[in-house]
Amino acid sequence: MKPDLTQKDWRRLAFPLSACLIVLLSVFGLEALARYKDKHILGEIHAEAVDAAGEGYRYTLNANEKVYILSCCLSSQVLPESELNALTRPDADTVTYPAPEGNYAFVVNRRGPSGKEITKEEIYQTCNDGIASLQALGVLPEGIREVDEASYDATLYSAIDIPEPANNVSVWKVSLSTSQKNTNRENRLIDAYIDADTGTIYEFYVRTELTWDEINPDFIIEQWRSYMGLTAPEVLQSDNPLLETTPYFKKYVCSGMGEESTIVTVGFYEGIQELFLKISK
């Protein structure tokens, strides 16, 4: 008859038994656990809620930042309006811009509206609504004829901060078409840049019966600034008469992005009776 194992003997056996158990679990236990999990996952569709806070097709910019980015993109690419430019302006569908240079690019959005933006079918009415809003504020004169698809071209553009592409602005350019010869330009919108999300008008050129003496640029800039949601601008102090191709203008400075600023010009071309408001860097 074998003697019973003493407590000391059990303690001697505990370590090798534990080691064997650990080895068995490491070899067969993990494999069994994986098969168990696969049985409940493979071959079935599982839905999982994810944080959608990062969704969105563009980073949200405030009004001053959007105007600044667009002004940087337009500054070297859009010529001031003049009689020659008005007569020779190309069709919107055929217009081309130089290859992107520097930190900003202004490119045709060939993908079209994303689903959150104003569509081409909507942009003409949106433009008319914007004109009406600016007329009610006294920014634009009464009597401007409505825009329509038959007489105007509309092209969707993206203004992009190249180092930070999430900082971009989607805009529609609406232009009086040059495909119809001898178009009557009196009391017409010639060009406008319109926010593709909100429908607000960043920049415009319109033919009017007004004269420069009848135009109050300080009133126009204040009303337009409020309409856009911009911070209050300051008058740009400059004695340089060559800043524009017309002697009839007044410039203002708005805060832009960071320490940068945007220049807003209210001006008038006397020969063609054209009032304009444009943004530039």
Here the pair of heavy atoms bringing Pro233 nearest to Arg225 is CD-CG, 3.7 Å

With the side chain counted from C-beta on, respond yes when Thr126 and Trp172 share a heavy-atom pair under 4.5 Å apart, and no when they do not.
-> no

Could you tell me the separation between the OG1 atom of Thr155 and the CZ atom of Arg110, rounded to the nearest 0.5 Å?
-> 9.5 Å

Mind running side-chain contact (heavy atoms from CB on, under 4.5 Å) on Trp224 and Leu137 for me, showing each step along the way?
-> CA-CA 8 Å; Trp224 177 81; Leu137 293 171; over 6 Å; no

Would a distance-only check, ignoring hydrogens and angles, find a side-chain to backbone donor-acceptor pair under 3.5 Å from Glu270 to Thr211?
-> no

Applying the 4.5 Å side-chain criterion to the ILVMFWY set and letting contacts propagate, would Phe219 and Leu210 be lumped into a single cluster?
-> no

Is there a side-chain contact between Ser151 and Ser177 (heavy atoms, below 4.5 Å)?
-> no

Quick one: NZ on Lys281 to SG on Cys73, what's the gap to the nearest 0.5 Å?
-> 11.5 Å

Between the CD atom in Glu117 and the CD atom in Glu122, the distance rounded to the nearest 0.5 Å is 11.0 Å

For Asn62, what residues pass the side-chain hydrogen bond (donor to acceptor under 3.5 Å, both in side chains) criterion, not counting sequence neighbours?
-> none

Parallel under 30°, tilted from 30 to 60°, perpendicular over 60°: which one fits the rings of Tyr248 and Trp212?
-> tilted

About how many Å separate CZ of Arg188 and CD of Glu146, when rounded to the nearest 0.5 Å?
-> 11.0 Å

Is it the case that one hydrophobic cluster holds both Ile220 and Val253, taking links as side-chain heavy atoms less than 4.5 Å apart, direct or via other members?
-> no

Can you find a pair of side-chain heavy atoms, one from Arg207 and one from Asn187, that are under 4.5 Å apart?
-> no

Any side-chain heavy-atom pair of Asp129 and Gln125 under 4.5 Å | yes

Quick one: do Tyr202 and Leu277 satisfy side-chain contact (heavy atoms from CB on, under 4.5 Å)? Show the steps, please.
-> CA-CA 8 Å; Tyr202 288 102; Leu277 184 149; over 6 Å; no

Minimum heavy-atom distance Leu61-Asn168, with the two atoms named = CD1-O, 3.8 Å

Exercise: identify the closest heavy-atom pair between Val147 and Ile131 = CG1-CD1, 4.3 Å

Counting N and O atoms only, with roles assigned by atom type, does the side chain of Ser158 sit under 3.5 Å from a partner on the main chain of Asn109, one being a donor and the other an acceptor?
-> no

Cluster link Val67 to Ile263, ILVMFWY, side chain under 4.5 Å = no

Any side-chain heavy-atom pair of Tyr68 and Ile279 under 4.5 Å | no

Same cluster (ILVMFWY, side-chain, under 4.5 Å), Tyr152 and Val108 | yes

Taken in chain and number order and not counting sequence neighbours, the residues that satisfy side chain to side chain contact (heavy atoms under 4.5 Å, CB included) with Ser226 are none

Separation of Tyr193 OH from Lys278 NZ (nearest 0.5 Å) | 11.5 Å

When rounded to the nearest 0.5 angstrom, what is the spacing between CG in Asn167 and CD1 in Ile69?
-> 4.5 Å

Side chain to side chain contact (heavy atoms under 4.5 Å, CB included) with Val174: which of Ile190, Ile123, Asp191?
-> Ile123

Mark yes when over 12 heavy atoms from residues, nucleotides or ligands other than Glu149 sit less than 6.0 Å from its CD; otherwise mark no.
-> no

Non-hydrogen atoms of Cys127 and Ile201 that approach each other most closely | O-CD1, 4.3 Å

Do Tyr205 and Ile272 come within less than 4.5 Å of each other through their side chains, counting heavy atoms only?
-> no

Determine, stepwise, if the pair Ile162 / Tyr104 fulfils side-chain contact (heavy atoms from CB on, under 4.5 Å).
-> CA-CA 5 Å; Ile162 295 175; Tyr104 294 91; 5.7 Å; no

Mind checking whether Phe268 and Val235 sit in one hydrophobic cluster, side chains of I, L, V, M, F, W, Y counted as touching below 4.5 Å?
-> yes

Where do Glu203 and Leu74 land on the side-chain contact (heavy atoms from CB on, under 4.5 Å) test, with the steps shown first?
-> CA-CA 11 Å; Glu203 184 175 297; Leu74 294 178; 3.9 Å; yes

Is there side-chain contact between Asp195 and Val169, with at least one heavy-atom pair below 4.5 Å?
-> yes

Would you check if Leu156 and Ser170 make a side-chain contact, meaning some heavy-atom pair closer than 4.5 Å?
-> yes

Which side chain to side chain donor-acceptor pair (under 3.5 Å) pairs, counting each pair once, include a residue from residues 250-259, with sequence neighbours left out?
-> Asn64-Ser255, Asp218-Lys250, Asp218-Tyr252, Thr231-Ser255, Glu244-Lys251, Lys251-Thr265

What one should report as the nearest heavy-atom pair of Asn240 and Phe249 is O-CZ, 4.1 Å

Note: Gln135 and Pro141 closest approach over all heavy atoms is NE2-O, 3.0 Å

